[in-house]
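What follows is one structure encoded as structure tokens, with my remarks underneath.
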2 protein chains.
Amino acid sequence: MSHTLGIRQAQKQKTRQALLDAALQLLEEQSLSSLGLREVTRAVGVAPTAFYRHFRDMADLGVALVEEALDSLHTTLVALLAATGDGKDDGEERIAATVELIVAYVRTHPAHVRFIAREQHGGVQAVRSAIGDQLALFAQEVKDQFAGEPDSAGWDEDDLLMLARMYVDHMVMTASSLLEAAPGTEQRVAVGARRQLRLLSLGRHHWLDER
Amino acid sequence: MSHTLGIRQAQKQKTRQALLDAALQLLEEQSLSSLGLREVTRAVGVAPTAFYRHFRDMADLGVALVEEALDSLHTTLVALLAATGDGKDDGEERIAATVELIVAYVRTHPAHVRFIAREQHGGVQAVRSAIGDQLALFAQEVKDQFAGEPDSAGWDEDDLLMLARMYVDHMVMTASSLLEAAPGTEQRVAVGARRQLRLLSLGRHHWLDER
DNA sequence: CCATGCAGTTAACAACTGTTCTCCGAGATT
DNA sequence: AATCTCGGAGAACAGTTGTTAACTGCATGG
């Protein structure tokens, strides 16, 4: 594969990406259901009708944005699981590394984070369920990771998934909190996030105590 | 006070409420930043210009909706704290009662729940911070409740607030999940919510273990 | 080298938006 | 009874929206 796809399709994907970028930027101050097709094409410097060469409508573009955003997040998640998955380091180190990775991600992909947080419960059905599906998939991966750890011996399948979901949800929530935090306040948010992870970790360790 | 406010102001508040109700209903399928002034007045059956007699713009109406929605939620929260606050019942009963109250609230105020979940991270700044402030206030109340319980002996102030925030966030998240759950699936969501609360409760009990 | 495919353009459309100004009529005030 | 107040109606405005149709020019594959 990959025979340096012709100058033709290259240009197409270039403007397509320009549309996605422009939309993502415009979405910092509004939500998808109020973002107009013309608004996006105007920002790119292209005729309104050119939009239809790439997307059926704005909802379609929204779904494409979900894929782009959650793909980059997925990369981060894999890195996170790989870095903290050896089971050697005890809880505290693992927690610190996790939060630090989230902080770094938010710093490098703020617009993506805002988009996911906003449209997760937003007004466009197709986008909402696209995000929901992807996050459920993330939870599955986290669960699989957990399943291989000694701490999870004797755990129910459903309980493991529930735990994984809590971690994923907490990850998204923390990222969103970091975004809205006043400049300079990010460290406070990070401290809070570590404390919350510590609580979850404690709950996990004592889950099977009284059984 | 309250001398049966004249038939004049009565009519005014009546149409004002009609505007709020219509907006809340229209918001089930879109988000606030895309909801138009004319759309709302049309649904009520009133001239577009009448809108300005009650709200400066849609953002202003949004803030009013926040107050209405979170006021009803606050009532539920107080009931929740009162019902589970005697400290007598052990964790499991308390958890079941909490989840059941959330389920009941979602069933009776679905539109309010959807609105809060959607606009919490939505595109209208004023509404976002209005919701944030109210939820922070809820967390304070929960914290005060926790502070009076024996389980919280020796707890740091910040840690208590962090715990309270986790409970409030979990409450909102559970309510939102119940909304999006396929009909008949609510019971599954409720079971998951109970498990999550159990985990939080376990974390809480062992918070001071290794200090 | 030429015919075809196709990303992007131009022009036009009916529909809709927020906002202003002017007016009306009925409740409130004296 | 006369006057004032003010919630709401009506008409008009400049701007914007999504979508259509027919076009242009260039990379592409035979």
Nucleotide range of DNA chain C lying under 4.0 Å from chain B heavy atoms: C:dT17 to C:dA28

Nucleic acid contacts - residues 56-64 of chain A versus DNA chain C, non-hydrogen atoms under 4.0 Å: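 Residues of residues 56-64 of chain A that come under 4.0 Å of DNA chain C do not exist, since none gets that close.
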
Atom CD of A:Glu29: over 12 foreign heavy atoms under 6.0 Å: no

Aromatic ring pairing B:His109/B:His112, orientation class (parallel under 30°, perpendicular over 60°, tilted between):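 The arrangement is parallel - the two ring planes meet at less than 30°.
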
Side chain to side chain donor-acceptor pair (under 3.5 Å) assessment of B:Glu149 paired with B:Gln145: CA-CA 7 Å; B:Glu149 298 176 2; B:Gln145 165 72 26; 3.2 Å; yes

Backbone N/O of B:Gly184 and side chain of B:Glu186: donor-acceptor pair under 3.5 Å: yes

B:Leu32 backbone acceptor or donor facing B:Glu119 side chain under 3.5 Å: yes

Heavy-atom pair of closest approach, residues A:Ala22 and A:Val40: CB-O, 4.2 Å

Heavy-atom closest contact (A:Val127 atom, A:Val63 atom, distance): CG2-N, 3.9 Å

Carboxylate-amine/guanidinium contact B:Arg128 A:Glu180, below 4.0 Å: yes

Which residues share a side chain to side chain donor-acceptor pair (under 3.5 Å) with A:His121, sequence neighbours left out: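 Testing A:His121 for side chain to side chain donor-acceptor pair (under 3.5 Å), a comparison that skips the adjacent residues, returns B:Ser176.
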
Face-on cation placement of B:Arg204 at B:Phe146 ring, 6.0 Å and 45° thresholds: yes

Interatomic distance, [X] atom [atom1] to [Y] atom [atom2] [nearest 0.5 angstrom]:
{"X": "B:Glu67", "Y": "B:Ile131", "atom1": "CD", "atom2": "CD1", "value": "11.5 Å"}
{"X": "A:Leu160", "Y": "A:Trp207", "atom1": "CG", "atom2": "CH2", "value": "10.5 Å"}
{"X": "B:Phe115", "Y": "B:Leu24", "atom1": "CZ", "atom2": "CG", "value": "7.5 Å"}

Residues within residues 24-42 of chain A bordering DNA chain D, heavy-atom distance below 4.0 Å: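 Within this stretch, A:Gly36, A:Leu37, A:Arg38, A:Arg42 sit under 4.0 Å of the strand.
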
Where chain A begins and ends its contact with DNA chain D, read 5' to 3' at 4.0 Å from heavy atoms: D:dT17 to D:dT28

Criterion side-chain contact (heavy atoms from CB on, under 4.5 Å) on B:Leu163 and B:Asp159, from CA distance to verdict: CA-CA 6 Å; B:Leu163 184 70; B:Asp159 289 349; over 6 Å; no

Sugar-phosphate only, base, or nothing, as touched by B:Ala50 at under 4.0 Å among non-hydrogen atoms: sugar-phosphate

Canonical and wobble pairing (Watson-Crick, G-U, under 3.5 Å) of DNA chain C, dot-bracket with |: ||||||||||||.||||.||||||||||||

Distance-only side-chain donor-acceptor flag, A:Gln25 / A:Asp21, under 3.5 Å: no

